[in-house]
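We count ligands from 1, going down the list as the structure has it; atoms in each ligand are counted the same way.
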Amino acid sequence: MEKLNKAQKIKIGTKFDQPGFGQKGLSGKPEGFDVEVAKILVKELGIPEDKIEYVETPSKVREDAIVNGNVDLVAATYTINDKRKERIAFAGPYYEAGQNIMVKKDDTAITGPDSFKDGTKKVCSVTGSTPAENIKKYVKDVGTQLVLFDTYDKCRDALKGGQVDAVTTDNVILLGYIAKDEASYKLAGDNFTKEPYGIGVKKDDTAFRTFINDTLEKAIQDGRWKKAWDDTAGKFGAKLGDAPTINRY
Ligand code: GLU
């Protein structure tokens with residue numbers, strides 16, 4: 001943390017293709033709730049916002065990016081779980097999403113994860129994500145039914161082109177895509193998992209993790225957290241829900 005403050009710059013791993021959370025806009029910089037939460041942390045560290053370097057971290061590379069020091073922290077729709085905690089540490093959670101399914105607007109055949117059990121429908125997700133793992137227990141044949149890419153926009157394109165029948169990931173990511181093209185897509189059914197989002201940091205950097213947890217708690221209390229949401233993903237029909245309780249494990 002001292003090093004970051006002395007250097008007066010910071011590398012943040014986030015998504016570049018997820019509307020509402022981290023998406024590169026016309027400004028050339030990613031925009032979204034994850035980016036706004038990261039900016040709150042950076043400000044509290046005393047580093048100017050224009051000294052943030054954003055590094056694209058698709059789902060699969062997040063742990064490696066932290067372990068190898070390619071980024072100082074990851075804010076990227078990053079579900080806190082025990083497997084990931086073996087390699088890195090999480091501050092937070094700062095939001096709780098849930099896995100859902102996106103289909104074409106006129107689809108009536110897919111109504112939830114059980115719709116994949118008959119083995120006929122293809123579903124797309126992203127390598128190294130929790131939804132890609134979770135959906136395996138619902139599909140009859142992983143080899144033919146589960147299509148994996150490195151980013152969600154490729155899944156959206158595959159749905160658009162008819163190569164797959166559905167995309168599965170967190171509801172809020174899907175709601176971002178739906179908001180961009182409401183005439184074409186919809187959610188199929190309810191959330192079927194809990195995905196608490198954390199800020200990923202180096203496993204042994206307890207001081208940094210504590211600092212992030214303290215800052216998140218303050219930001220939740222003083223309204224910065226809600227404003228970050230209202231300015232970004234909140235515009236896309238997703239719900240902020242209750243303020244999550246920070247888990248200082
Ligand atoms: N939250 C889930 C995960 O961390 C899905 C979203 C993503 O791939 O970033 O794997």
Side-chain angles (χ1 to χ4, degrees), residues 12-24 30-38 54-67 70-71 73-102 113 123-138 146-159 164 166-179 185 187-188 190-201 203 229 232-233 236 238-241 244 247:
I12 288 175
T14 194
K15 302 294 187 83
F16 282 6
D17 68 326
Q18 293 178 191
F21 276 79
Q23 185 183 41
K24 252 193 180 177
E31 292 161 8
F33 186 53
D34 284 333
V35 174
E36 290 308 312
V37 169
Y54 293 100
V55 179
E56 186 176 16
T57 47
S59 306
K60 189 178 70 158
V61 312
R62 291 175 293 198
E63 287 90 88
D64 283 343
I66 293 167
V67 171
N70 300 345
V71 297
L73 62 85
V74 164
T77 57
Y78 202 5
T79 296
I80 300 169
N81 67 29
D82 288 343
K83 185 155 180 270
R84 291 171 177 166
K85 278 188 198 163
E86 287 170 12
R87 298 189 65 206
I88 60 127
F90 286 103
Y94 60 93
Y95 185 72
E96 187 174 277
Q99 185 170 351
N100 209 309
I101 295 162
M102 179 171 84
V123 58
C124 188
S125 198
V126 160
T127 314
S129 70
T130 51
E133 281 307 308
N134 294 333
I135 201 68
K136 284 182 185 165
K137 55 178 175 285
Y138 295 96
L146 181 58
V147 176
L148 295 176
F149 289 115
D150 59 342
T151 59
Y152 291 107
D153 55 356
K154 290 182 187 159
C155 279
R156 190 264 331 267
D157 291 347
L159 177 61
V164 299
V167 178
T168 189
T169 186
D170 301 340
N171 63 329
V172 285
I173 299 173
L174 299 173
L175 284 169
Y177 286 123
I178 292 168
Y185 309 113
L187 289 183
D190 298 324
N191 294 353
F192 54 96
T193 69
K194 285 189 163 60
E195 308 291 329
Y197 288 173
I199 302 289
V201 295
K203 191 173 177 181
W229 176 265
T232 58
F236 293 166
K239 294 265 174 308
L240 180 57
N247 178 11

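Classified by interplanar angle (parallel below 30°, tilted 30° to 60°, perpendicular above 60°), the ring pair Phe33/Phe21 is perpendicular.
Here the side chain of Asp17 pairs a donor or acceptor atom with the backbone of Tyr152 at under 3.5 angstrom.
Every protein residue with a heavy atom nearer than 4.0 Å to ligand 1 is included here: Lys15, Ser59, Arg62, Ala76, Thr77, Tyr78, Thr79, Arg84, Ser129, Thr130, Pro131, Tyr152, Thr169, Asp170, Ile173, Tyr197.
Looking at every heavy atom in both residues, Thr14 comes nearest to Pro30 through CG2-CG, 3.9 Å. Nearest approach of Thr57 to Gly13, heavy atoms of both residues: OG1-C, 3.2 Å.
When ring centroids are compared, Phe192 and Tyr138 come within the 6.0 Å threshold.
A salt bridge does not link Glu86 to Lys83: none of the charged side-chain nitrogens sits closer than 4.0 Å to a carboxylate oxygen.
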